[in-house]
Amino acid sequence: MSVLTEDYRRTDIKTPDPILSGLDARIFSLAGRYRRRASLTGRLLTAAEEIDAKAPLWKEKSDRALRESLVGFREIFCRNKQGYEEPLPDALAAIREAAERCLGLRPYVVQLAGALALFRGTVAEMATGEGKTLTAGLTAVVWGWIGRPCHIITTNDYLADRDAKWLEPLYRFCGVSVGRVVSEMEPHRRREEYRKDVTYTTSKEVLADFLRDRLRLDSLQNAGRRQIRALSGRLQDIEKGLVMRGIHTAVVDEVDNILIDEAVTPLIISREMPNEPFVEACREANNIAAALRPDVDYRVDQQFKDIDLLPGGEEHLVQKTGNMPRLFRGRGPHRELVQQALKAREFFHRDTQYVIQNGKVVIVDEFTGRLMPQRTWSAGLHQIIEAKEDITITAPSETLARLSFQRFFRFFYRLAGMTGTAREAAGELWHIYGLPVVTIPPNRPCQRKIYPRRIFSEQESKWQAIVDEVAERHGQGQPVLVGTRSVKASEDLAARLAKLGLSFRVLNAVRHREEARTISHAGEGSSITVATNMAGRGVDIRLGDGVTRLGGLHVIATECHESGRIDRQLFGRCARQGDPGSARSFVSMEDELLCRYVPSAIRNSIKNALRLRAPTSGWAAEQVVRWAQSKPQGMAFHRRRSVLRTDTWLDDSLSFAQGDVSS
């Protein structure tokens with residue numbers, strides 16, 4: 001590859017297709033339905049079986065002959081000429097044989113079908129435990145041969161490091177180099193790892209490095225400008241600080257989490273800007289908020305998580321204006337900071353939205369339950385929460401660059417993904433990213449038994465029922481995994497279990513250091529594991545001796561989540577690869593989801609009906625729970641649509657030169 005070509009590809013990105021509306025959007029939606037039609041699964045399986053039929057031809061080859069064949073395939077794919085994809089079935093058959101020799105694992109037919117789906121730029125919905133890591137590796141070998149930057153996006157550093165190391169023998173045998181980029185890595189190491197054919201990393205790391213490189217290039221994001229600057233010999237110093245060789249292809253693991261749940265969260269590159277008046281204003285806003293009374297001075301909107309100041313609160317603000325630093329005595333800034341302080345008190349709670357570690361506020365991701373130590377809330381919210389917790393208030397930050405994950409992943413020329421829960425988001429994945437969803441059946445029939453949901457009028461009765469069920473299953477020798485929505489809920493349940501003298505493990509944002517080991521032991525006989533949403537995604541839960549005849553792992557969901565996909569992900573922790581397993585969810589009319597989205601009059605009537613055990617109370621409660629869960633899903637979709645419109649406006653209005661990214 002010439003130096004000029006390599007330099008051009010460093011900043012070459014795909015111009016995202018416009019988001020359609022009206023009749024065009026309806027026609028595009030119909031096209032999406034056609035692209036994810038059920039018959040495609042059968043075609044993929046047929047193609048995979050044809051690859052499987054080639055196995056004897058490759059089985060008899062020596063290692064040397066197999067390597068020579070793989071080198072031949074690499075040369076074909078590297079040339080990238082018309083018709084280069086024709087030998088794909090033979091190439092996958094050869095890679096499959098290499099996987100068995102290097103890893104001791106022979107990919108199933110369904111994994112070959114998944115690899116074909118990824119190569120064709122789709123989202124492969126594969127059940128938990130069906131071997132998505134190896135499936136992605138089969139496709140990544142081929143993309144590594146092509147020579148364009150290929151990134152495998154995982155949900156955390158542990159999985160990026162684990163998967164790259166595990167598959168490295170396969171990649172090496174196939175003539176493909178593999179790297180890994182994790183959060184603690186220095187810039188020079190990042191540069192080395194990104195230059196590999198295939199790089200495993202997280203969405204946060206790859207986007208942060210993308211933005212840092214763009215910041216360093218500044219006005220030289222356009223390749224043509226760089227060539228002009230190169231004539232003067234002043235380009236080398238800038239290039240030394242760059243770490244990436246560009247973006248082109250990405251396979252996104254847990255695609256629903258990264259491209260849907262976290263899609264509109266912008267990643268921000270910032271630097272601290274000391275501002276003592278602002279810090280003092282945040283401290284004073286917290287003091288004012290502490291003196292205000294709900295429903296007297298302000299009204300809480302639980303559904304939209306907003307605060308409305310009432311006349312009494314407005315009057316209190318006027319009285320306290322003089323306590324604010326001079327720059328913040330204006331009605332607008334003063335009012336805004338106090339509203340932020342009220343939001344901090346009403347909606348942001350310790351051990352739920354954040355934890356305190358080493359004297360610092362650390363945000364907890366509401367979807368995964370993991371810590372996000374590099375993130376902060378904006379508009380003074382983070383500083384106000386620090387004031388509320390009476391810890392050192394950090395300096396505010398100046399934003400240097402920001403980009404949403406949604407906009408970033410639309411820059412890739414080739415995009416594919418995997419997850420166990422994609423069908424609920426199939427329409428959105430097609431509408432925003434042009435990604436059709438194809439369901440890959442499990443290698444063995446699923447034996448998961450899902451028990452009817454149990455719904456209670458109060459939280460106390462719900463938690464007692466959960467403890468009783470855990471104790472009952474434990475007494476039978478069956479392993480139990482209990483999923484909670486927050487750190488606080490997991491610790492409270494742990495205290496209840498401890499009172500009964502039960503032995504258990506807790507996995508949450510505070511107790512996360514042994515995550516993989518903790519979750520891997522969750523299938524042992526009589527074990528009890530209490531976990532937040534993180535629940536060791538990507539780590540296999542293998543059943544211990546004799547557990548199969550006891551019914552396998554039993555999963556308990558202690559609350560419904562705002563997305564039904566999160567519930568399905570938790571249930572997917574059991575009954576993997578044809579093992580038996582069971583699951584049940586518990587809900588109370590006092591759970592956060594119902595308090596936030598169901599009018600109090602309806603909740604109270606259902607609570608009374610449940611207490612009286614009215615004949616239709618269970619059915620009515622189930623309908624209310626389903627309705628409550630559908631509300632936030634619809635609101636989240638509209639919020640993402642709004643961000644998408646903003647992204648489209650940025651692309652249309654602020655990208656003055658091709659290849660530049662306005663952030």
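All of these numbers come straight from a predicted model, not from anything done at the bench. Throughout, residue positions are numbered sequentially from 1 according to the sequence presented. What you see below is based on every heavy atom in this structure, not just the backbone, and it leaves out hydrogens, waters and symmetry mates.
Between the side chain of T135 and the main chain of G131, a donor-acceptor pair closer than 3.5 Å is present. With hydrogens and angles ignored, the 3.5 Å screen pairs no side-chain donor or acceptor of T419 with any backbone N or O of A422. Judged purely by atom type and a 3.5 angstrom limit, Q353 uses its side chain to pair as donor or acceptor with the backbone of H349. Judged purely by atom type and a 3.5 angstrom limit, D579 has no side-chain atom pairing as donor or acceptor with the backbone of A575. With E125 contributing its side chain and M418 its backbone, the two residues share no donor-acceptor pair below 3.5 Å. A donor-acceptor pair is defined here as one N or O able to donate and one able to accept, closer than 3.5 Å; no such pair exists between the side chain of D351 and the backbone of V487.
In this structure, I152 CD1 and R180 CZ are separated by 13.5 Å, a value rounded to the nearest 0.5 Å. H151 NE2 to T202 OG1: the interatomic distance, rounded to the nearest 0.5 Å, is 11.0 Å. N275 CG to E280 CD: the interatomic distance, rounded to the nearest 0.5 Å, is 11.5 Å. Note that the OG atom of S585 and the CD1 atom of I455 stand 7.5 Å from one another [nearest 0.5 Å]. Between the CG atom of D390 and the CZ atom of R283 there is a distance of 9.0 Å, given to the nearest 0.5 Å. Considering NZ of K132 and OG1 of T154, their distance stands at 13.0 Å, rounded to 0.5 Å.
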Exercise for review: Output, in order, the C-alpha distance, side-chain angles, deciding distance and verdict of side-chain hydrogen bond (donor to acceptor under 3.5 Å, both in side chains) for Y298 and Q339.
Suggested key: CA-CA 9 Å; Y298 65 92; Q339 282 184 307; over 6 Å; no
Exercise for review: Take I288 and E284 through the side-chain contact (heavy atoms from CB on, under 4.5 Å) test and state the conclusion after the steps.
Suggested key: CA-CA 6 Å; I288 293 173; E284 182 58 30; 3.8 Å; yes
**Study point:** Step-by-step side-chain hydrogen bond (donor to acceptor under 3.5 Å, both in side chains) determination, H554 to E469
**Key:** CA-CA 10 Å; H554 183 61; E469 179 145 333; 2.7 Å; yes
Practice item. Run the numbers on I260 and R565 for side-chain contact (heavy atoms from CB on, under 4.5 Å), then give the verdict. Key: CA-CA 11 Å; I260 300 296; R565 288 182 290 104; 3.5 Å; yes
**Study point:** Check against side-chain contact (heavy atoms from CB on, under 4.5 Å), T529 and F504
**Key:** CA-CA 6 Å; T529 307; F504 55 86; over 6 Å; no
Exercise for review: Might you work through the salt bridge (Lys or Arg N to Asp or Glu O under 4.0 Å) test for E458 and R611, ending with a clear yes or no?
Suggested key: CA-CA 9 Å; E458 295 95 10; R611 287 195 194 101; 2.7 Å; yes
Review point. Under the side-chain contact (heavy atoms from CB on, under 4.5 Å) criterion, do H561 and R485 qualify, and how do the steps go?
Key: CA-CA 8 Å; H561 294 83; R485 285 194 61 176; 3.5 Å; yes
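Put simply, the side chain of L267 reaches to within 4.5 Å of the side chain of K204, judged on heavy atoms. Using a 4.5 Å heavy-atom threshold, the side chains of S582 and R448 count as separate. At least one side-chain heavy atom of P396 sits less than 4.5 Å from a side-chain heavy atom of V279. Inter-residue side-chain proximity for I566 and D261 is flagged as met; some heavy-atom pair is nearer than 4.5 Å. Annotation: side chain of V482 is in contact with side chain of T558 (closest heavy-atom distance under 4.5 Å). The closest side-chain heavy-atom distance from I391 to I356 is below 4.5 Å. When side chains are defined from C-beta on, L481 does not count as touching C574, because their heavy atoms never get closer than 4.5 Å. Counting heavy atoms from C-beta on, the side chains of Q406 and L259 never come closer than 4.5 Å.
Using a 4.0 Å cut-off between a side-chain N of Lys or Arg and a carboxylate O of Asp or Glu, K488 and E491 do not qualify as a salt bridge. A salt bridge does not link R350 with E386: none of the charged nitrogens is closer than 4.0 Å to a carboxylate oxygen. Taking a cutoff of 4.0 Å between a charged side-chain nitrogen and a carboxylate oxygen, R576 and E130 do not qualify as a salt bridge. Ion pairing between a basic and an acidic side chain is recognised when a charged N comes within 4.0 Å of a carboxylate O; R190 and E186 show no such pairing. In summary, R496 and D492 do not engage in a salt bridge, as defined by a charged side-chain N under 4.0 Å from a carboxylate O. A salt bridge is defined here as a Lys NZ or Arg NE, NH1 or NH2 lying under 4.0 Å from an Asp or Glu carboxylate O, and K343 with D306 meets this definition.
Annotation for R299: atom CZ does not count as buried by contact number, only 12 or fewer foreign heavy atoms lying within 6.0 Å. By the neighbour-count criterion of 12 heavy atoms within 6.0 Å, atom CZ of R444 is sparsely surrounded, having that number or fewer from other residues, nucleotides or ligands.
Summarising the geometry of I258 relative to D253, their closest heavy-atom pair is CD1-O, 3.4 Å, with the distance given to 0.1 Å. Closest non-hydrogen pair, L337 versus I384, comes out as O-CD1, 3.5 Å. Of all non-hydrogen atoms in G312 and D297, the two that sit nearest each other are C-OD1, 3.4 Å. When all heavy atoms of Q340 and S378 are compared, the pair lying nearest together is NE2-O, 3.7 Å. Counting all heavy atoms, side chain and backbone alike, P479 lies closest to G525 at CD-CA, 4.5 Å. R345 and A290 get closest at one heavy-atom pair: NH2-CB, 3.3 Å.
Here the options are N257, T128, D256, the test is side-chain hydrogen bond (donor to acceptor under 3.5 Å, both in side chains), and the partner is Q569; only D256 passes. Screening D301, L342, L292 for a side chain to side chain contact (heavy atoms under 4.5 Å, CB included) involving I307 leaves a single residue, L342.
Here W463 pairs with nothing under the ring-ring contact (aromatic ring centres under 6.0 Å, His included) rule; sequence neighbours left out. Scored by the ring-ring contact (aromatic ring centres under 6.0 Å, His included) test, F409 finds F412 as partners (sequence neighbours excluded).
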Side-chain donor-acceptor pairs of residues 586-603 under 3.5 Å, sequence neighbours excluded:
unit_1	atom_1	unit_2	atom_2	d
S588	OG	E590	N	3.1
S588	OG	D591	N	3.4
S588	OG	D591	OD1	3.0
E590	OE1	Q459	N	3.0
E590	OE2	K607	NZ	3.3
D591	OD1	K462	NZ	2.9
D591	OD2	K462	NZ	3.4
D591	OD2	S588	N	3.0
R596	NE	Q302	O	2.8
R596	NE	Q303	O	3.0
R596	NH1	E562	OE2	3.0
R596	NH2	Q303	O	3.1
R603	NE	V598	O	3.4
R603	NH1	M589	O	3.4

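Counting only N and O atoms by type, the side chains of H474 and S526 include no donor and acceptor under 3.5 Å apart.
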